[in-house]
Amino acid sequence: MKSKIISLALSLLILLAMSCEQDFLDKGPEEDLTLDEVFAERQYAESFLTSAYFNLPEMMNPADWPARNPFTGASDEMEITYKGAYAHLLNSGAWNSDYTVPDIWGFNYEGIRKLNIFLDNVHKVPLVQGFTEEDRQRWIGEATFLRAFYHFFIMRIHGPIPIMNRTWGVDEEFDAIRRQPLEEVVNFIAQECDKAAQTLPMRNTGPMVGRATKAAAVALKARVLLYAASPLYNENVPAEFRALKNDDGTLLFPQAYKPEKWNAAAQAAKEAIDMVEGGGYTLYKAANNDPVTSYLELFMRNWNDEVLFARNLGFYGHFERQANPLSHGGFSILCPTQEHVDAYQMANGESPILGYNPDGSPNINPNSGYTEQGFSTTAHPKGYYPTDVSNMYVNREPRFYANISFSGSMWKGRRLEFWNTGLDGRSRGGSDYNISGYLMRKMVDPNSVTFQDRFALRSWIFFRVGELYLNYAEALNEAQGPVADVYTYVNRIRERAGLPGLPAGLSKEQMRERIRHERRIELAFEAHRYFDTRRWKIAENIDNKPIHGMNILAGNNLKDPAFYNRVIIENRVFQAPKHYLWPLQIAEINKNFELVQNPGW
């Protein structure tokens, strides 16, 4: 019915003069521009397309809702001290369908609306000097990719969603909109990626850096097909999901396992790898080939040769404040969990922790060389840690030192002090403090000066070569078992990380666990872990129990053993299958009663 307006931004941007996103038009104060006027001028049309990039989420900031990334803090990677983080509601099970932030549904459909209007009108832009038909086709490729990407952002939390591949007018019946079957959504995204790849350049330079490329399109296709092949959406779909259907009886989830989806995902990933490597992309390595330096610089050197697509964030000082310790003028709130710290291997490639006893104490791997007793008497030969740090942090794999700040580690020229009375300890903080005894170091600029508001230009990486390698290895292992290519691409990641290759003779199941572990470490804090545990359908085991940290209420000095005790910092709740997907906002359903709600909500 025409009185029902859904906030997919279906009512927004019908005409450009109705949009709240008009500032980019650079119009004079005495006039409004119609759509025809906008698309009669190349500069205005390009600005319209550029405005659609605004809907790419910032992601780097996991604490505040405008970044639209509650996922890092709602995974077993991190606990965020800031009480306003939406992740707390997800972790406690206290969330419901009556939410307005983070509005991932509406924000992305708003972007889709812009792109549909652009695609409907871009043919009107006249060919003039400086604007050719090739330029028009590149614009179409950008808009096609972004529209697919925004559908993916909505799909990955809601599952089946409406496919909005055209502009809807205000005189149309909006309650005719329905959620489409998940397989149709996946196929739409993949096909749009194929179309976009045909007209986009492999990479951009100069002022075009940050715009969509062929590399981004093939990477998105590889990821969405990997998701579609995964247990939650394929082999092990919950019965409640399989029963979900529209009012006309259309079932929204796959009804049977299709192993060929793994083949499709593997093929897409391998094609993407071959294509991007042919275009000069590669795993980033520092000039000195040091694994810690390589991994740190990967996220500090914007648009290096590993980055396939990213969002430019400008001088993103708020993130630096969140991540920096108290003594450096930071909020000290992005705190890795003990479970995440335990997952890092030793330098010899052995896992230090094999599991946990009923009381939460670790089951230590005797072959790893790991111990939680005593303190180091020598510094690491490459300077990864100084003397006198807990032996818990000695001889760990290089990525540990690139990702995690721990008590006694060096940061900007001095030791960090996370014990209770230390400069970065609980007794020095108010509402902002380090809750786990660790801070995230990955992506944090070691040259920023928080006290002086000196920050570098930053970007958030959506797709990179390292992820493509792991996507391919996972899909290929599921399709064919641990064949040679599976070893090759996992070992490329491990070699860059300074670790020995995987042992020969692994079974398919053993390789699956190795790949899942590698994703957990290599892609840490990049908003993958939340979705990985859900698509693997293991979140009900991972996220439905306490998480731990060090005892931040104890300790008077670096070598005080009272601090180095595992304590529960949060009891987390996960209800299966309900929490595998987000609910549709109740406000959306109240506007269109034909939108069926996800099970359990």
Side-chain angles (χ1 to χ4, degrees), residues 60 77 203 209 215 219 273 276-277 279-310 319-320 323 336 340-341 343-349 379-386 393-406 409-412 438-448 456-473 487-502 514-515 517-529:
M60 184 174 281
E77 294 177 330
R203 62 197 308 164
V209 168
I273 289 170
V276 302
E277 288 183 339
Y281 294 97
T282 185
L283 283 183
Y284 179 83
K285 292 185 179 180
N288 64 2
N289 207 35
D290 177 77
V292 170
T293 306
S294 294
Y295 201 66
L296 287 171
E297 289 184 356
L298 166 59
F299 303 97
M300 291 295 109
R301 296 184 180 273
N302 296 326
W303 297 99
N304 60 72
D305 284 342
E306 184 164 345
V307 178
L308 304 176
F309 188 61
F319 165 74
E320 298 293 341
H340 181 72
V341 168
Y344 289 85
Q345 293 182 336
M346 305 299 287
N348 61 10
H380 189 279
K382 291 187 176 181
Y384 296 169
Y385 53 82
Y393 314 129
V394 171
N395 293 326
R396 304 298 287 270
E397 65 160 283
R399 286 175 298 191
F400 174 78
Y401 303 106
N403 285 358
I404 306 296
S405 289
F406 53 90
S409 61
M410 301 300 296
W411 180 247
K412 298 181 181 179
Y438 305 100
L439 277 182
M440 183 180 79
R441 180 169 297 209
K442 181 175 179 176
M443 294 183 277
V444 186
D445 184 5
N447 297 312
S448 66
L457 291 169
R458 304 303 307 278
S459 64
W460 170 267
I461 301 172
F462 287 113
F463 299 105
R464 61 183 177 92
V465 173
E467 182 210 342
L468 266 185
Y469 285 0
L470 293 173
N471 291 350
Y472 176 49
Y487 277 91
T488 295
Y489 285 93
V490 176
N491 283 339
R492 286 186 185 181
I493 295 290
R494 292 178 64 81
E495 185 275 331
R496 195 258 300 271
L499 285 169
L502 296 176
R514 293 283 187 151
I515 292 170
H517 174 269
E518 206 62 42
R519 289 184 69 92
R520 184 179 187 180
I521 302 303
E522 174 67 21
L523 304 178
F525 311 127
E526 297 179 52
H528 286 280
R529 177 69 175 171

The single option from V490, I493, N471 passing side chain to side chain contact (heavy atoms under 4.5 Å, CB included) against I515: V490
Among V292, N403, I521, find the one that has a side chain to side chain contact (heavy atoms under 4.5 Å, CB included) with E397. I521
Looking at F406 versus F400, is the centre-to-centre ring distance below 6.0 Å? yes
Please confirm whether the backbone N or O of [Y] pairs with a side-chain atom of [X], one donor and one acceptor, at under 3.5 Å?
| X | Y | value |
| --- | --- | --- |
| E77 | F525 | yes |
| R496 | Y284 | yes |
| S294 | A286 | yes |
| N491 | L502 | yes |
| N304 | L298 | yes |
| R458 | M443 | yes |

What verdict does the side-chain contact (heavy atoms from CB on, under 4.5 Å) test give for M60 and F299, after you've listed the backbone C-alpha separation in whole Å, the side-chain angles of each residue and the deciding distance to 0.1 Å? CA-CA 11 Å; M60 184 174 281; F299 303 97; over 6 Å; no
Non-hydrogen side-chain atoms of [X] and [Y] separated by less than 4.5 Å:
| X | Y | value |
| --- | --- | --- |
| F462 | L308 | no |
| R529 | H340 | no |
| S448 | K412 | yes |
| H528 | E522 | no |
| K442 | Y295 | yes |
| E526 | E467 | no |
| T282 | V465 | no |
| Y469 | L283 | yes |

Take I273 and Y489 through the test side-chain contact (heavy atoms from CB on, under 4.5 Å) and record every step on the way to the result. CA-CA 10 Å; I273 289 170; Y489 285 93; 4.0 Å; yes
Test salt bridge (charged side-chain N to carboxylate O under 4.0 Å, His left out) on E518 and R399; report intermediate values, then the result. CA-CA 11 Å; E518 206 62 42; R399 286 175 298 191; 2.6 Å; yes
How close do [X] and [Y] get, counting heavy atoms only, and between which atoms?
| X | Y | result |
| --- | --- | --- |
| W303 | A310 | CH2-N, 3.2 Å |
| A343 | H517 | O-NE2, 2.8 Å |
| A347 | P500 | O-CD, 4.0 Å |
| A219 | L468 | CA-CD2, 4.3 Å |
| P291 | G498 | CB-N, 3.8 Å |
| M346 | V394 | CE-O, 3.5 Å |

Residue pair K285, D305: steps toward the side-chain contact (heavy atoms from CB on, under 4.5 Å) verdict: CA-CA 9 Å; K285 292 185 179 180; D305 284 342; over 6 Å; no
Cationic tip of R396 within the cone over Y344's six-membered ring, i.e. under 6.0 Å and within 45° of the normal? no
Inter-residue atom distance [X].[atom1] - [Y].[atom2], 0.5 Å rounding:
| X | Y | atom1 | atom2 | value |
| --- | --- | --- | --- | --- |
| T293 | K382 | OG1 | NZ | 8.5 Å |
| S405 | Y393 | OG | OH | 11.5 Å |
| F463 | Y281 | CZ | OH | 12.5 Å |

Report the relative orientation of the aromatic rings in Y401 and H380; use parallel for angles under 30°, tilted for 30 to 60°, perpendicular for over 60°. tilted
